[in-house]
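Just follow the structure's listing: the first ligand is 1, and inside any ligand the first atom is 1.
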Amino acid sequence: MTTLIILAHPDIEASRVNRRWRQELLLHPEDVIVHELYKEYPDWSIDVPREQRLLEAHDLIIFQFPLYWYSYPPLLKKWLDDVFTHGWAYGSNGNKLNGKKLGIAMTIGDKKENYLPAGSVSFTVDEIIAPFQASAIHVGATALPYFAVFGASFQASDDDINQSAVDYLRYVKQDTGQFLL
Ligand SMILES: Cc1cc2nc3c(=O)[nH]c(=O)nc-3n(C[C@H](O)[C@H](O)[C@H](O)COP(=O)(O)O)c2cc1C
């Protein structure tokens, strides 16, 4: 079954890392569907039944985005609010995401050491993504370990980024969760 990538980047054409990752994914249309929220919904008017059908058709769903203020870009937050509805995703009859695997793939501007427990950010990435993990639990899905590239703002070299694209494709395809870079 194909993996669904929910890609949320407000300016993908100006992106270095997410754009390179997208390029890698698009080489494998038999394995991966890339669904770009900012391209699909420039007016932020989300077609909820369409999005829910797309989710129902996939068992492995990965949210790909640049880390902005230790969180998602805003259209992804709105998409979650709109699409993960009561009676569909949660509540007594809301079971459509039960058993699905949800992953996140992030580009992180800052250096990896700053996200260590004693680093300047003061929080680890696992702590930062706690809302995602809690959301997965709330809808009966499994939150996979995250995939991330650090130093995405300026430190990552072209070689680093190319390698990260290859590693990301392995994460997307293998679904083993062994990618805590
Ligand atoms: C509005 C905004 C907020 C950002 N917030 C963070 C942040 O909280 N932590 C961090 O490490 N980097 C932060 N960054 C840096 C981005 O994560 C980085 O530019 C992005 O991951 C690079 O990926 P791209 O080349 O695909 O755009 C921020 C960048 C912007 C524009």
What side-chain donor-acceptor pairs closer than 3.5 Å can you find for residues 64-73, not counting sequence neighbours?
unit_1 : atom_1 : unit_2 : atom_2 : d
Q64    : OE1    : Y168   : OH     : 2.9
Q64    : NE2    : N18    : OD1    : 3.0

Checklist entry - Would you say K100's side chain and I61's backbone share a donor-acceptor pair under 3.5 angstrom? => result no
Would you give me the side-chain donor-acceptor pairs under 3.5 Å for residues 86-93, sequence neighbours excluded?
unit_1 : atom_1 : unit_2 : atom_2 : d
W88    : NE1    : E56    : OE2    : 2.6

Next on the checklist: Which protein residues come within less than 4.0 angstrom of ligand 1, counting heavy atoms only?
Outcome noted: H9, S15, R16, V17, N18, P66, L67, Y68, W69, Y70, T107, I108, G109, D110, Y115, A152, S153
Checklist entry - Side-chain heavy atoms under 4.5 angstrom apart, residues restricted to Ile, Leu, Val, Met, Phe, Trp, Tyr: same cluster for L26 and I5? => result yes
Donor-acceptor pairs are to be reported for all side-chain atoms of residues 132-142 against protein atoms at under 3.5 Å, with residues two or more places apart or in another chain.
unit_1 : atom_1 : unit_2 : atom_2 : d
S135   : OG     : P131   : O      : 2.7

Checklist entry - Between D160 and S157, do the side chains contain an N or O donor and an N or O acceptor separated by less than 3.5 Å? => result yes
